[in-house]
Enquirer: 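Below you'll find the structure I mean.
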Number of protein chains: 2
Amino acid sequence: MAARWLYDSLKLVSASMPPSSSSATRATIADVAARAGVSKSTVSRFLNRRDELLTPDIASRVESAVKALGYSPSPMAQALSRGHSRLIGLVVADVTNPFSVAVLRGAEKACKEAGYLLMLSNLGDGGVRERDAIEALASYQVAGLILNTMGRDEAAVSAAARSGRPVVLVDRRHPGMQADFVSLDNAGAVQMAAAHLLESGWRDLLYVTEPVAGVSSRRERAAAFRALANGRAGMKAHVFESTPDKPDALVAALTEHKGRGRRLAVLASNSVTTLRVAHAVAALGWEFGRDLGFAGIDETEWAPLVGPGLTTVAQPTDALGRLATACLLERMDGLDVPPRQILLNGQLVARRSSMRTAS
Amino acid sequence: MAARWLYDSLKLVSASMPPSSSSATRATIADVAARAGVSKSTVSRFLNRRDELLTPDIASRVESAVKALGYSPSPMAQALSRGHSRLIGLVVADVTNPFSVAVLRGAEKACKEAGYLLMLSNLGDGGVRERDAIEALASYQVAGLILNTMGRDEAAVSAAARSGRPVVLVDRRHPGMQADFVSLDNAGAVQMAAAHLLESGWRDLLYVTEPVAGVSSRRERAAAFRALANGRAGMKAHVFESTPDKPDALVAALTEHKGRGRRLAVLASNSVTTLRVAHAVAALGWEFGRDLGFAGIDETEWAPLVGPGLTTVAQPTDALGRLATACLLERMDGLDVPPRQILLNGQLVARRSSMRTAS
DNA sequence: TTGTACGCGTTATCAG
DNA sequence: CTGATAACGCGTACAA
């Protein structure tokens with residue numbers, strides 16, 4: 001009875017308000033119900049499951065009430081009620097990395113198209129652990145998680161599992177995590193770049209990578225390079241792990257390997273190492289194509305502008321982002337198959353850094 | 001009475017569950033209350049307003065219950081109840097722009113430190129209007145909005161106002177929007193760069209910008225350049241609006257202005273135009289420092305690597321992002337002063353593109 | 001087909 | 001100082 005009274009009073013209040021008054025507070029489902037002279041459930045049903053038969057009369061009344069009030073449901077309340085929101089959590093190891101941003105961009109587009117919003121969590125160098133990021137996101141009842149992380153945090157795996165939400169990994173695998181995986185075909189990309197360098201006449205290849213420990217994509221690319229090196233005769237191949245703190249080491253490695261022959265080319269693991277190599281080459285006063293061959297994974301807007309132009313393998317970043325989202329959406333939709341693996345091909349963008357110039 | 005019965009049964013249920021059982025569903029405040037043998041209100045008070053005196057005994061009981069259950073409140077439910085979430089909405093015109101990403105990074109850090117999460121909305125080229133983005137974010141009860149947008153959408157202003165949340169504008173003003181504004185000191189940056197070029201011996205300055213229509217930062221920078229040009233005698237100054245679709249126009253403009261004298265330098269409005277100019281220069285076979293002086297706003301990781309190194313004015317992107325969030329936090333905290341304007345100084349990074357080389 | 005009543009997890013207002 | 005109870009806005013069995 002008390003509830004009944006309250007309901008009626010609500011009805012009066014909202015009915016006595018000017019139709020499209022810009023009241024400080026947004027219209028609720030109760031307002032719509034009152035204005036249409038029906039119950040909240042009817043409005044809810046009309047909004048969610050239109051297929052369920054509704055009396056045409058009532059349906060149109062609700063419809064016009066919704067329109068008149070400019071009503072749109074509160075995602076928060078929906079999330080609380082349904083147990084999950086229309087939010088997708090994205091954990092990125094480093095938003096500074098152009099690759100991550102490009103993927104992010106693709107994912108954001110796909111999310112928006114599907115009516116989802118993106119919650120972003122960046123694990124800068126700062127202390128925030130992957131596990132915490134995942135839990136923070138999960139506490140917002142995200143519908144799913146896209147992870148592009150360091151991949152070392154063991155606790156992250158359990159946190160992700162505990163969240164009970166579908167997860168998709170991008171670029172970096174996470175041992176033991178039950179999730180779809182979307183990535184560049186790393187081995188293929190490395191082979192493509194290396195083959196291109198060899199065909200262009202370079203004989204000694206130096207693979208420059210960030211420390212591979214713990215990061216699957218780095219490990220896979222380096223492994224592919226090594227495998228390749230073993231396969232071919234008459235080619236020298238070395239791997240150098242570069243760290244940001246001591247650029248001199250890279251310069252030293254470059255000069256050392258160059259000394260052995262006149263056909264040294266560098267294969268850089270990604271845009272970060274590409275940058276380092278370019279710096280080292282500048283410091284040495286060398287020129288790409290003449291003193292050193294070069295190809296690197298990751299296309300960037302500046303690749304054409306450095307030296308004579310840098311040869312790269314472009315990743316399909318947009319597709320990666322979109323596919324990751326697509327996987328998630330399928331899982332949310334109930335798809336129940338074993339973890340999938342989606343590998344996309346890179347595309348070689350040949351520029352002059354890989355072309356041998358008269359010396 | 002019915003409620004009482006329900007409450008007791010709940011107590012039993014949760015009490016009969018293994019303490020740290022990984023139940024599928026997270027612990028709620030009711031679970032904690034039951035375990036501690038107190039009411040939900042008490043737990044809530046303990047969590048939110050510890051200052052209100054609590055009996056030590058009860059406090060410790062609640063504390064241990066919280067710990068035992070690994071309880072943490074549901075932000076969703078809190079938002080529903082409080083009327084606002086611990087979410088901050090960020091609308092970016094173009095995540096592809098490194099400047100935006102850098103700001104985003106600073107903002108994300110500051111948010112995380114303050115216990116807020118970032119909801120991202122990118123307005124790619126795609127049809128999504130600013131207004132829709134703001135409304136989508138607002139519907140999630142965001143505590144505040146950081147806007148770095150095109151600034152043309154009139155509807156956005158009203159949408160932001162209607163949201164009732166504090167707003168801070170970054171880099172781009174929005175006419176009529178009641179909000180704090182955080183940005184580079186555009187006039188100062190342009191003056192700094194121009195002065196540097198003139199001091200370095202360049203006499204004819206060409207300012208290259210994206211179309212200024214509707215974007216405040218572009219307009220302000222261009223205006224500053226024009227003002228400067230009027231002030232100094234013996235210096236020629238022109239403005240060129242570059243569009244992405246026809247790069248030839250830029251090449252033409254460059255050759256045209258160069259024809260008039262031998263001391264032409266370009267001042268690029270941001271990293272986007274810098275890229276375009278670099279492409280044009282490459283196409284012309286010119287060399288920075290010898291055939292053309294150059295300075296551009298926006299420091300990038302590749303600036304040192306293009307040609308002899310590009311002179312730039314670095315924006316304090318991280319500070320911009322942090323300050324924007326700080327403004328927001330203050331407003332959320334109730335600060336009620338007229339819209340503020342925070343202008344930060346750029347920093348000149350002199351490289352060889354601005355140094356005249358023997359020709 | 002439509003309405004009632006309750007639950008989702010918190011906070012806040014009041015009694016006690 | 002603590003506890004019952006009503007919101008917050010919505011979805012949904014269940015009843016009618």
Side-chain angles (χ1 to χ4, degrees), chain A residues 1-11 13-14 25-34 36-59 61-62 66 69 71-86 139-141, chain B residues 1-11 13-14 25-34 36-59 61-62 66 69 71-86 139-141:
Chain A
M1 285 305 126
R4 177 71 205 169
W5 179 85
L6 183 62
Y7 186 73
D8 284 346
S9 78
L10 270 179
K11 194 182 296 189
V13 169
S14 58
T25 166
R26 298 187 0 158
T28 75
I29 198 172
D31 298 331
V32 177
V38 300
S39 75
K40 294 192 296 177
S41 0
T42 302
V43 178
S44 177
R45 271 191 295 260
F46 172 80
L47 262 30
N48 301 318
R49 304 187 301 273
R50 306 209 178 200
D51 50 316
E52 287 190 15
L53 298 327
L54 299 195
T55 308
D57 171 42
I58 292 222
R61 259 159 56 204
V62 173
V66 166
L69 266 35
Y71 169 76
S72 72
S74 153
M76 284 278 170
Q78 287 184 316
L80 195 59
S81 184
R82 293 185 164 137
H84 62 87
S85 64
R86 285 183 80 82
S139 74
Y140 275 94
Q141 307 277 50
Chain B
M1 286 303 124
R4 176 73 204 167
W5 178 85
L6 183 61
Y7 187 72
D8 284 346
S9 79
L10 271 179
K11 196 183 296 188
V13 169
S14 58
T25 168
R26 299 187 356 158
T28 76
I29 200 173
D31 298 331
V32 177
V38 300
S39 75
K40 293 192 295 178
S41 335
T42 302
V43 177
S44 179
R45 270 192 296 262
F46 172 79
L47 261 30
N48 300 319
R49 304 185 300 273
R50 304 208 178 200
D51 49 315
E52 287 190 17
L53 297 327
L54 299 197
T55 309
D57 171 42
I58 293 221
R61 259 161 53 204
V62 173
V66 166
L69 265 35
Y71 168 77
S72 72
S74 153
M76 284 279 170
Q78 287 183 318
L80 193 60
S81 185
R82 294 205 244 244
H84 63 261
S85 63
R86 285 183 81 82
S139 74
Y140 275 95
Q141 307 278 50

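Keep in mind that what you see is a predicted model, and the values were worked out from it rather than measured. Below, chains carry the letters A, B, ... as their sequence lines are ordered, and counting in each starts from 1. Keep in mind that the numbers below use all heavy atoms, side chains included, and drop hydrogens, waters and symmetry copies.
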Enquirer: What is the distance from CE of A:Met76 to P of D:dG11, rounded to the nearest Å?
Expert: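 My rounded result for the distance is 15 Å.
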Enquirer: What residues, two or more places apart in sequence or in another chain, satisfy side chain to side chain contact (heavy atoms under 4.5 Å, CB included) together with B:Ile58?
Expert: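 B:Ile58: side chain to side chain contact (heavy atoms under 4.5 Å, CB included) contacts with B:Val38, B:Thr42, B:Thr55, B:Arg61, B:Val62.
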Enquirer: Quick one: is C:dG3 close enough that its OP1 or OP2 comes under 4.0 Å of any side-chain N or O from A:Thr42?
Expert: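 Result: yes.
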Enquirer: Is the shortest side-chain heavy-atom distance between B:Val32 and B:Leu47 below 4.5 Å?
Expert: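 Sidechains of B:Leu47 and B:Val32: no contact.
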Enquirer: For A:Ile29, which residues count as a side chain to side chain contact (heavy atoms under 4.5 Å, CB included) partner, sequence neighbours excluded?
Expert: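 A:Ile29 satisfies side chain to side chain contact (heavy atoms under 4.5 Å, CB included) with A:Lys40, A:Val43, A:Ser44, A:Tyr71 only.
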Enquirer: Report the residues that fulfil side chain to side chain contact (heavy atoms under 4.5 Å, CB included) with B:Ser81, sequence neighbours left out, ordered by chain and then residue number.
Expert: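 Partners of B:Ser81 under the side chain to side chain contact (heavy atoms under 4.5 Å, CB included) test: none.
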Enquirer: Strictly under 4.0 angstrom, non-hydrogen atoms only: write out the protein contact profile of nucleotides 11-16 of chain C, one letter per nucleotide from the 5' end, B, S or -.
Expert: BB----
Enquirer: Over all heavy atoms of both residues, which pair between B:Ala33 and B:Ser39 is shortest? Give the atoms and the distance, please.
Expert: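 Scanning both residues completely, I find the closest heavy atoms to be CB-C, 3.7 Å.
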Enquirer: Side-chain N or O of A:Thr28 less than 4.0 angstrom from OP1 or OP2 on D:dG9?
Expert: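 Checking D:dG9 against A:Thr28, no side-chain N or O comes under 4.0 Å of OP1 or OP2.
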Enquirer: Taking the side chain from A:Arg45 and the backbone from A:Leu54, do they hold a donor-acceptor pair closer than 3.5 Å?
Expert: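 Side chain of A:Arg45 to backbone of A:Leu54, a donor-acceptor pair under 3.5 Å: no, none is there.
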Enquirer: Rounded off to whole Å, could you give me the NE2-to-P distance for the A:His84 and C:dG9 pair?
Expert: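 My rounded result for the distance is 14 Å.
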Enquirer: Can you see which heavy atom on A:Ser72 is nearest to which on A:Arg26, and at what distance?
Expert: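 Shortest heavy-atom contact: O-NH2, 3.0 Å.
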Enquirer: What is the nucleic acid contact for B:Ser85, judged by heavy atoms within less than 4.0 Å: base, sugar-phosphate only, or nothing?
Expert: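 Nothing, no nucleic acid heavy atom in range.
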Enquirer: So, OP1 or OP2 of C:dC8: does either fall under 4.0 Å of a side-chain N or O from B:Ser74?
Expert: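 So the side-chain polar atoms of B:Ser74 never come under 4.0 Å of the phosphate oxygens OP1 or OP2 of C:dC8.
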Enquirer: Of all the heavy-atom pairs spanning A:Ser85 and A:Tyr140, show the shortest one and how long it is.
Expert: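 Result for this residue pair: OG-O, 3.3 Å.
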Enquirer: If every non-hydrogen atom of A:Met76 is compared with every non-hydrogen atom of B:Ala79, which pair is closest and at what distance?
Expert: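 So the two residues come closest at SD-CB, 3.7 Å.
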Enquirer: Rounded to the nearest angstrom, tell me the gap between atom CZ in A:Arg61 and atom C1' in C:dT1.
Expert: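 Roughly 13 Å, once rounded to whole Å.
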Enquirer: How many Å lie between CG on A:Leu80 and C1' on D:dC8, as a whole number?
Expert: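 Rounding to the nearest Å, CG of A:Leu80 and C1' of D:dC8 are 9 Å apart.
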Enquirer: If we fit an axis to the first five pairs and another to the last five of the helix from C:dT1-D:dA16 to C:dG16-D:dC1, what angle do they make, to the nearest 10°?
Expert: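 Inter-axis angle at the termini of the helix from C:dT1-D:dA16 to C:dG16-D:dC1: 50°.
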